[in-house]
2 protein chains.
Amino acid sequence: MSGEIKINNYNDDGREFIQGIFYKDQSFGEPPLFLNQKYPASAVAVEEALVLCLPKSDFMKLLDENPAVSIRIIENLAQRLYYKSVMAAEMSTQEPEHRVLKLIDHGIAYFNFKKDENGYLINFTRQQIGDLTGLRVETVIRTIKTLEKKGVLKIINRKVYR
Amino acid sequence: MSGEIKINNYNDDGREFIQGIFYKDQSFGEPPLFLNQKYPASAVAVEEALVLCLPKSDFMKLLDENPAVSIRIIENLAQRLYYKSVMAAEMSTQEPEHRVLKLIDHGIAYFNFKKDENGYLINFTRQQIGDLTGLRVETVIRTIKTLEKKGVLKIINRKVYR
DNA sequence: CTTGTTTTATGATTTAAGTCATAAAACGCA
DNA sequence: TGCGTTTTATGACTTAAATCATAAAACAAG
């Protein structure tokens with residue numbers, strides 16, 4: 001309903017990977033419900049957030065009685081699968097510059113980045129970009145500097161614009 | 001309807017990434033339909049295959065008139081999203097041994113690996129494992145050897161069993 | 001059976017990203 | 001207003017996986 005939630009994992013040595021970030025009017029956590037699986041990740045509030053929790057039975061009832069909702073859910077899952085497919089290919093084969101840029105451009109299209117006179121403000125910390133792309137902070141910082149030098153994005157007092 | 005299909009991408013320098021592999025009774029390629037997006041990947045027959053192509057309009061009609069099909073589609077997308085989430089976390093933070101093992105164990109659960117007296121036969125080439133995990137063939141070969149030495153899987157005349 | 005291709009295999013070398021160390025700037029808050 | 005924390009930043013060094021080279025075994029096709 002409001003705020004910002006990240007879905008994440010930690011690997012064996014405590015390194016974080018962010019599966020996705022969700023904002024107002026978005027939903028998360030459905031897939032395991034349909035599979036009777038355990039949640040493969042955690043949900044963490046990045047800022048104060050209000051989240052509506054729907055019991056599985058109510059959710060299933062909603063779907064049963066309301067085909068239009070099913071379609072919306074399908075569209076939503078399709079969107080998330082699309083993002084994951086694109087990022088998986090990026091993360092496994094492309095170099096840092098490509099990965100960071102892809103994430104940023106995806107963010108412009110699907111996260112709530114605001115546009116002002118400098119362009120779109122990329123509302124992620126370097127650490128978050130790293131955790132979303134599988135890179136380390138230092139690498140992200142250096143990569144963003146390189147991208148700025150190449151003129152594909154701007155850094156205006158430490159904030160990234162595209 | 002039969003055969004084996006891989007969904008893949010090639011990066012800028014021709015390196016392949018396999019998004020997924022599909023067999024009899026499975027479906028693929030739906031997400032972009034719901035998003036009116038271009039296909040972000042290609043489909044390639046790995047062996048002789050027979051594929052049923054359903055026009056978008058027919059498919060949508062099927063969903064509209066048949067809520068039970070919607071639920072099946074949701075379950076299917078949820079399954080694929082689940083796989084991608086798990087593999088994304090693996091690929092970005094875990095080391096080769098972990099990645100390869102995770103893929104193999106997922107394959108046992110969801111691809112059509114057959115069990116015989118030696119255990120489950122992992123019906124992938126080293127190259128395919130590499131393209132699915134973002135590793136190079138040589139790394140996969142060495143990793144599998146290490147895993148064999150550790151006793152977590154068997155290599156019987158070049159075939160991998162788990 | 002022969003021949004060309006794919007798959008598995010192994011050793012040597014390179015390199016890009018990770019790691020480690022350190023610090024300044026910015027932010028949050030009591 | 002001062003103090004602890006987070007974020008951005010940079011340089012030096014290390015390392016794990018990629019790359020390169022080479023080859024044997026297995027397989028496929030004629």
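The basis for the numbers below is simple: all heavy atoms, side chains too, and nothing from hydrogens, waters or symmetry mates. A, B, ... follow the sequence lines: proteins, then strands. Residue 1 opens every chain.
- Proximity of B:Gln79 to A:Pro31: side-chain heavy atoms (C-beta onward) are nowhere separated by under 4.5 Å.
- With C:dT8, D:dC20, D:dA17 as the candidates, the nucleotide lying closest to the side chain of B:Glu138 is D:dC20.
- Residues A:Phe22 and A:Phe28 bring their aromatic ring centres within 6.0 Å.
- The CD atom of B:Glu47 sits 16 Å away from the C1' atom of D:dC27 (whole-angstrom rounding).
- Computed from coordinates, the B:Gln128 CD to C:dT8 C1' distance equals 14 Å when rounded to whole Å.
- Taking atom CG of B:Asp13 as the reference point, atom C1' of D:dT19 lies 13 Å away to the nearest angstrom.
- Here C:dA16 presents its P atom at 12 Å from CD of A:Glu97, a figure rounded to the nearest Å.
- Not one side-chain nitrogen or oxygen of A:Thr139 sits closer than 4.0 Å to the OP1 or OP2 atom of C:dA17.
- Taking the side chain as every heavy atom from C-beta outward, B:Lys56 and B:Asn36 approach each other to under 4.5 Å.
- Across the protein-nucleic acid pair, A:Ile141 atom CD1 and C:dA17 atom P stand 15 Å apart, rounded to whole Å.
- Whole-Å rounding puts the B:Ile129 CD1 to C:dT7 P distance at 12 Å.
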Quiz item: For A:Phe113 and A:Phe124, what are the C-alpha separation, side-chain angles and deciding distance, and is it a ring pair (Phe, Tyr, Trp, His ring centres under 6.0 Å)?
Solution: CA-CA 9 Å; A:Phe113 293 157; A:Phe124 284 152; 5.1 Å; yes
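- Interface residues of residues 144-162 of chain A facing DNA chain C, ordered by number: A:Arg158; criterion, heavy-atom separation under 4.0 Å.
- Atom CD in A:Gln127 sits roughly 17 Å away from atom C1' in C:dA26 (whole-Å rounding).
- Partner of A:Tyr161 under the side-chain contact (heavy atoms from CB on, under 4.5 Å) criterion, out of A:Leu153, A:Ile155, A:Asp116, A:Ile122: A:Asp116 alone.
- Remark: the A:Arg142 side chain and the D:dG11 base include a donor-acceptor N/O pair separated by less than 3.5 Å.
- A:Gln94 places its CD atom 15 Å from the P atom of D:dA18, with the value rounded to the nearest Å.
- Within the nucleic acid shown, A:Gly130 has no heavy atom closer than 4.0 Å to any nucleic acid atom.
- Checked against C:dT7, D:dA9, D:dT19, the side chain of A:Arg126 finds its nearest nucleotide in D:dA9.
- Among the nucleotides C:dT8, C:dA17, D:dT19, the one closest to any side-chain atom of B:Arg136 is D:dT19.
- Electrostatic pairing of B:Glu4 and B:Lys24 does not count as a salt bridge here, judged by no charged N lying under 4.0 Å from a carboxylate O.
- If you chain together hydrophobic residues whose side chains sit under 4.5 Å apart, A:Ile21 and A:Leu81 never meet in one group.
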